[in-house]
Amino acid sequence: MVIWSGKGEKRGRVWDICLFAAALGFYLFFAFYDGPVWTKDSLSYASMNITREPLYPTFLWLFRQAFGEESYLMPVIIAQSILAAYAAWKLAMTVKEYKDDSRLLACLCVLFQFAVTILCRFVAIRKSSYIDAIMTEGVGLSLYVLFVTQLYRYVAQEKGRNLAGTAIYAFLLVNLRKQMLVSLCLMAAVFFLYYLVKKREGKKLALLLAMTAGLFLASRFTDRLYNYCVRGVWIEHSGNSMGVLCTLIYTAGEEDAALFKDEELKGLYEAICEEADRQGLKITYAPEGWVEMSSHYADSYDPIGYGIINPVVQGYIAQHFEFGEIDAVLKYDAYCNAMVKTLLGQEKGELVKVLTANIWKGFVNSIARVNRYLNVYAILAYLAYLGLYFYLIWKRKCWAKRDTATALAEITLGGIIGNCLVVGLTIFCQPRYMIYSMGLFYTALSVMIYDLLPKRQK
């Protein structure tokens, strides 16, 4: 941030404070207008279900302890609103600092984050803001913006506090939901880009990758520690294989029963497939066209997982074993893991078709919404983004330099690519999982456009 003296410095600080106040007022308005939004997933977080990662259930538990069972939800969404305001403001202040103290860019940063909330609240079917929902997105969207901001600051200025902030936010994200392993993947990719491709600093790269691996191992530890504290057993959360199994069931054909050598597993598989066929939930029943097919896959995903796989497998365990809760969960995971390993041997044609359509749907939903016209818009937007990026590198010869416009563009696009691949290969790419980078994409685009403007127009 440009430091002014005297009255100019004071006016600058007042302006920054006013921008934060505006962001806070925006998010708190929806918090008080809509109140806490209880979704179908909320109970599993509030009840500390064994299928959930530790951070958000613990977050809710702390508020229950502080405010009581009957009145903790409103303080939760107020806290989530404050976090959202801070994340939008922190990004704005960072861009403002690196871009000539531009108040225009700072305002745009905040407005792009506002736009994500407005789209969710007034355009999407759900008709509510994720910031006000009792679900991981209530804090995850904000933590991801803060993570990218800190990673961006580290790339721009190699300071220990920026690296520490990046590591802390990544650690929180991974403990929030397994999808956010993308944050560690993004860190590793950025470190490779800057310390292997651009700068050739092998020793520093090795240290940073070791730190990234350490964060992954630490998240596995906290997952086990959480379950030990809550349930008295040293295990990770359950259900990691169910998502992939849903996709493999969706694309499986009749011939895939022959892949199973274990008769017990084969019986479970056949029971699941029979019910999925009866309900028309497999790719065989999908309409033509990639949009229609990906929508059919999305509509089939939860019914296959929660409506068929869980009742069949859990029912079989209850019928044939006298297990307590933990042993039943471990057996469930063992069955799902074994079915996944077996079904990975299926013919890959249908699976590749589903995953390709799903991943592209993720790219569209990351910056817009899948429909006939916005699909074309998404292509044009990505082409414009890449065109500006490569033009800036060519014009300013900044490939191996710490350029603050192209750095943000690289980190943001890397996050989108990583998220689309991680989500697209494991679960359907609904907007809820894809909008983490939406505001960041348009921020990075604006920063690149700003850098191309003649100096006198800035």
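Every value quoted in this text rests on a predicted model; they were computed, and no experiment measured them. We're numbering straight along the sequence, starting at 1. Because only heavy atoms are used, hydrogens play no part in the values below, and waters and symmetry mates are left out as well, while side chains stay in.
- Between F221 and the options W234, F171, Y226, a ring pair (Phe, Tyr, Trp, His ring centres under 6.0 Å) holds for only W234.
- A salt bridge links D41 with R432: at least one charged nitrogen is closer than 4.0 Å to a carboxylate oxygen.
- At least one side-chain heavy atom of I134 sits under 4.5 Å from a side-chain heavy atom of L60.
- Using a 4.5 Å heavy-atom cutoff, the side chains of L248 and L351 are in contact.
- T117 contributes atom OG1, which lies 10.0 Å from atom CZ of F122 (distance to the nearest 0.5 angstrom).
- Rounding to the nearest 0.5 Å gives a distance of 11.0 Å between CG of L91 and CG of L108.
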Check step by step if ring-ring contact (aromatic ring centres under 6.0 Å, His included) holds for Y373 and Y377. CA-CA 6 Å; Y373 302 106; Y377 162 78; over 10 Å; no

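- Side-chain polar atoms of T51 and N49 form a donor-acceptor pair below 3.5 angstrom.
- For the pair K361 and S295, the minimum side-chain heavy-atom distance is below 4.5 Å.
- Residues R220 and E236 form a side-chain contact, since some pair of their non-hydrogen atoms from C-beta on lies under 4.5 Å apart.
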After noting the C-alpha distance and the side-chain angles of E201 and Y194, does the key distance pass the side-chain hydrogen bond (donor to acceptor under 3.5 Å, both in side chains) rule? CA-CA 8 Å; E201 294 185 18; Y194 279 86; over 6 Å; no

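- Of the possible donor and acceptor atoms, none in the side chain of D34 sits under 3.5 Å from a partner among the backbone N and O of S129.
- In E254, the CD atom is not crowded: 12 or fewer heavy atoms of neighbouring residues, nucleotides or ligands sit closer than 6.0 Å.
- In this structure, the separation between OG1 on T443 and CE on M448 is 11.0 Å, given to the nearest 0.5 Å.
- Between Y316 and F321, the ring-plane angle classifies as perpendicular under the 30° and 60° cut-offs.
- Within the 3.5 Å criterion, the main-chain N or O of D333 finds a donor-acceptor partner in the side chain of N337.
- For the pair R177 and E53, the salt-bridge criterion is not met [side-chain N within less than 4.0 Å of a carboxylate O].
- For the pair M211/M187, a side-chain contact is recorded, criterion being any heavy-atom separation below 4.5 Å from C-beta on.
- By the 4.5 Å heavy-atom criterion applied to side chains, L208 and Y154 are counted as neighbours.
- With salt bridges taken as basic N to acidic carboxylate O contacts below 4.0 Å, none links R121 and D132.
- One finds the CG atom of L374 at 9.5 Å from the CZ atom of R369 (value rounded to the nearest 0.5 Å).
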CA sep, side-chain torsions, deciding dist, call: N419, Y433, side-chain hydrogen bond (donor to acceptor under 3.5 Å, both in side chains): CA-CA 8 Å; N419 195 40; Y433 304 136; over 6 Å; no

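- For D302 and K40, the salt-bridge test passes: some basic side-chain N is under 4.0 Å from an acidic carboxylate O.
- F114 and Y27 have their aromatic ring centers within a separation under 6.0 angstrom.
- Panel note: side chain Y130, backbone T136; no donor-acceptor pair is recorded below 3.5 Å.
- Ring-centre distance between F30 and Y33: not below the 6.0 Å cut-off.
- Between Y391 and W394, the ring planes are tilted. Angles from 30° to 60° get that label.
- Remark: side-chain polar atoms of T356 are not paired, donor with acceptor, to backbone N or O of K353 under 3.5 angstrom.
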Report the C-alpha separation of E410 and K198 in whole Å, then their side-chain angles, then the decisive distance to 0.1 Å, and conclude whether the salt bridge (charged side-chain N to carboxylate O under 4.0 Å, His left out) test is met. CA-CA 13 Å; E410 289 162 351; K198 292 191 176 189; 3.0 Å; yes

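- Between the N365 side chain and the I435 main chain, no donor and acceptor come within less than 3.5 Å of each other.
- Separation of atoms CZ (F441) and OH (Y382) is listed at 6.0 Å; rounding is to 0.5 Å.
- In terms of modelled atom types and a separation under 3.5 Å, the side chain of N227 and the main chain of I235 share a donor-acceptor contact.
- At least one side-chain heavy atom of I367 sits less than 4.5 Å from a side-chain heavy atom of Y442.
- A donor-acceptor pair under 3.5 Å is absent between the side-chain atoms of Q314 and the main chain of V329, judged by distance alone.
- A side-chain donor-acceptor contact under 3.5 Å links Q346 to the backbone of L343.
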Please assess N175 against T222 for the test side-chain hydrogen bond (donor to acceptor under 3.5 Å, both in side chains), listing each intermediate value before the final yes or no. CA-CA 8 Å; N175 279 281; T222 52; 2.5 Å; yes

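- Although no hydrogens or angles enter the test, the distance criterion places no donor-acceptor pair under 3.5 Å between the side chain of S42 and the main chain of M135.
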Let me see the working for F192 and L209 under side-chain contact (heavy atoms from CB on, under 4.5 Å), right down to the final yes or no. CA-CA 9 Å; F192 266 111; L209 292 180; 3.6 Å; yes

Would you sort out whether Y332 and I309 count as a side-chain contact (heavy atoms from CB on, under 4.5 Å), showing the intermediate values? CA-CA 10 Å; Y332 168 87; I309 292 175; 4.2 Å; yes

Verdict with reasoning, Y144 to L440, per side-chain contact (heavy atoms from CB on, under 4.5 Å): CA-CA 10 Å; Y144 185 76; L440 291 166; 3.8 Å; yes

What do the steps show when you test D256 against Y269 for side-chain hydrogen bond (donor to acceptor under 3.5 Å, both in side chains), and what is the final call? CA-CA 10 Å; D256 292 322; Y269 166 76; 4.5 Å; no

Step by step, work out the side-chain contact (heavy atoms from CB on, under 4.5 Å) result for L392 and L452. CA-CA 8 Å; L392 273 173; L452 288 173; 3.6 Å; yes

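- A side-chain donor-acceptor contact under 3.5 Å links Y152 to the backbone of T404.
- Open room surrounds OH on Y228; 12 or fewer heavy atoms of other groups in view lie less than 6.0 Å from it.
- Note that CG of L163 and CZ of R153 are 13.5 Å apart. Values are rounded to the nearest 0.5 Å.
- Under the 6.0 Å cut-off for aromatic ring centres, Y389 and Y385 do not qualify, their centroids lying 6.0 Å or more apart.
- Within 6.0 Å of the CD atom in E347, the count of heavy atoms belonging to other residues, nucleotides or ligands does not exceed 12.
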